[in-house]
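A short worksheet on the structure shown next.
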2 protein chains.
Amino acid sequence: MSVTRARPLLVDPHRSGNDCAHCGARAHSVCNAIDARDLDRLAAVAVQLSVEPGRSFIDEGDPAESFFNVTAGTAKLFKLLPDGRRQITGFAGPGHFLGLAVSASYSFSAEAVELMRICRFSRTKLRTLLDDFPAMEKRLLEVASNELVAAQEQMLLLGRKTARERLASFLIARSEMPVHCLGHKPGSAETVLLPMTRSDIADYLGLTIETVSRTLTKLKGEGLIEIPSTETIIIRRHVALDGIATGVDSGGTR
Amino acid sequence: MSVTRARPLLVDPHRSGNDCAHCGARAHSVCNAIDARDLDRLAAVAVQLSVEPGRSFIDEGDPAESFFNVTAGTAKLFKLLPDGRRQITGFAGPGHFLGLAVSASYSFSAEAVELMRICRFSRTKLRTLLDDFPAMEKRLLEVASNELVAAQEQMLLLGRKTARERLASFLIARSEMPVHCLGHKPGSAETVLLPMTRSDIADYLGLTIETVSRTLTKLKGEGLIEIPSTETIIIRRHVALDGIATGVDSGGTR
DNA sequence: CAAGCGCGTTGACGCAGATCAAAGCGCGCG
DNA sequence: CGCGCGCTTTGATCTGCGTCAACGCGCTTG
């Protein structure tokens, strides 16, 4: 299953996991449930890694030996069908915790979209650590609950929304993302950056690249958005776009 | 948002929540994380209710004041778009815990498919209880993790599978469900009971009733299943059906 | 700077599944 | 027992999006 991971992941040479205290992502991750004076215990089980764009660091079906915490960059999480059809179940930015699962093997794959920085925890070691820090377990439950809500929203999108509504929902959701999750300078609140390819967007929204491209072009033609570059979209009429996203529109400009 | 809940839920007259020790669903629910001698504390915050078929007991958008635990029967969980399009995100049987969410209001609705028996917990009371029983919090995290895995599987289904594959997946999943989740006598391992309507199935699989009906008829015509009654399906060729479900088939008998 | 390649856009056409319409069919009820 | 009603099935037709194909554009490479 780990065919794509030709070379080992890059272990950061000069500091392989011992400065949780200075980690920029801590404030936004589950790690902030651990008190500052106990951070050394967390650091002891963490290993910092870099992951190059396109490289996968979790492979569906592989034994689930580690948890991961994203500290920089973005990953796509996905599942595959035997014939290659792919569903991207989410994108994970800084602060995102990965690998929650009771099962002995990963139920999805993860691959870097941009250059990433991640923290790897041994599953067993983190589990024993959790016994000493119930606050962190609480945080994990919160995180999982929130992801569950997001997953249900995505099911609604995949099962019942039109291509137009899916793209609108995607853009609105991206525009509402907290700054730290994107890992770049803010720009205007209505400027949406898309580090992933059209193919990734299509596989996230259950569409084809062609439909994604065509639909974006249409939204642009209607003056709802601007597309200054492939990876940048500016929302011009946020309210109207949001109306489409939530299915209020339906009529109006088709 | 609570338009459909015309009458209040039925509070069981003779025992309104005080015998967790004899609860048939405990073995399969998060409640089994609590030691037998502490069950009285759990019982103190629980209220037993009955819910008639078709009656809703959670309404999306309402303030989330309670958690629920299903002890008998089945509920459908769903989200609506303003124009009435519906996505059923799951079915909850005995042992299923409902209401996990950080948000102050419910993010989905729940309605009984069959006559149900549920346990209601005050959100605040249960939360203080959780502080004393970290084992239960651990169980909740496990439950949430498993649901997350299931949700991702469903996203794959909704985003990338054909109608045929969706129905096959649905039937296989139902047939593999642990007996206690169905709340009825087993029958043959390959006999699948469907307490929900075709409309519910359609809204769960992101299809229409017509497509569900037609596809089932087709599967029957190919000798993969039998349909002795509307709410009963017998899987005749489990391996073949499973092949379709996981997308291995594609060719073969269309 | 020409060639090659990955990615995105655009157009023409086809089809899986939606929509529209009309029967069955089981079941409770008068 | 006949009637009505909700659910399901089946058929005919339509359509949003997928598929196939061509082309453009920016980047890398030699």
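These numbers were taken from a predicted model, which means no experiment stands behind them. Every chain is numbered from 1 and lettered A, B, ... according to where its sequence line falls, protein lines coming before strand lines.
Contact between the side-chain N/O atoms of B:Thr211 and the OP1/OP2 oxygens of C:dG17 is not found at any separation under 4.0 Å. For the OP1/OP2 pair of D:dC7 and a distance below 4.0 Å, the side-chain nitrogens and oxygens of B:Thr230 include no atom meeting the criterion.
B:Leu216 has its CG atom 11 Å from the P atom of D:dT8, to the nearest Å. As rounded to whole Å, 16 Å separates atom P of C:dA16 from atom CG of B:Leu167. C:dT9 atom P lies 11 Å from atom CG of A:Leu194, rounded to whole Å. Here D:dG18 presents its C1' atom at 19 Å from NZ of B:Lys161, a figure rounded to the nearest Å. Note: CG (A:Asp203) to P (C:dC7) measures 13 Å, nearest angstrom. At whole-Å resolution of the value, CZ in A:Arg164 and P in D:dC17 are 11 Å apart. Regarding B:Ile209, its CD1 atom lies at a distance of 13 Å from the C1' atom of C:dA21, rounded to whole Å. The distance between atom CD of A:Glu165 and atom C1' of D:dC17, rounded to the nearest whole Å, is 14 Å.
Of the two residues near DNA chain C, A:Arg160 and A:Met196, the one whose nearest nucleotide lies more 5' is A:Met196. Map B:Arg214 and A:Ser199 each onto its nearest nucleotide of DNA chain C; the residue landing nearer the 5' end is A:Ser199.
In terms of polar N and O atoms assigned as donor or acceptor, the side chain of B:Arg198 never comes within less than 3.5 Å of the base of D:dT10 in a complementary pairing. Residue-to-nucleotide contacts include a donor-acceptor pair under 3.5 Å from the side chain of A:Glu210 to the base of D:dC20.
Checked for salt-bridge contact, B:Arg164 and B:Glu222 meet the test: a charged N lies under 4.0 Å from a carboxylate O.
Between the side chain of B:Thr211 and the backbone N or O of B:Leu207, no donor-acceptor pair lies under 3.5 Å.
Taking the centre of each ring, A:Phe78 and A:Phe108 stay at or above the 6.0 Å mark.
A:Ser109 and A:Glu60 share no donor-acceptor pair across their side chains, judged by distance under 3.5 Å alone. No hydrogens or angles considered: a donor-acceptor pair under 3.5 Å links the side chains of B:Glu147 and B:His96.
Of the candidate nucleotides C:dG17, C:dT10, D:dC17, C:dT10 has the atom lying nearest to any side-chain atom of A:Ser213. Which of D:dG11, D:dG18, D:dT19 sits closest to the side chain of A:Leu207 comes down to D:dG18. Checking C:dA18, D:dT10, D:dC17 against the side-chain heavy atoms of B:Thr217 singles out D:dT10 as nearest.
Defining each end axis of the helix from C:dC1-D:dG30 to C:dG30-D:dC1 as the rotation carrying four pairs' C1' atoms onto the next four, with five pairs an end, the two axes are found to diverge by 30° to 10 degrees.
When the side chain to side chain donor-acceptor pair (under 3.5 Å) test is applied to A:Ser213, no partner is found at least two apart in sequence or on another chain.
B:Leu115 approaches B:Pro53 most closely through the heavy-atom pair N-CG, 3.5 Å.
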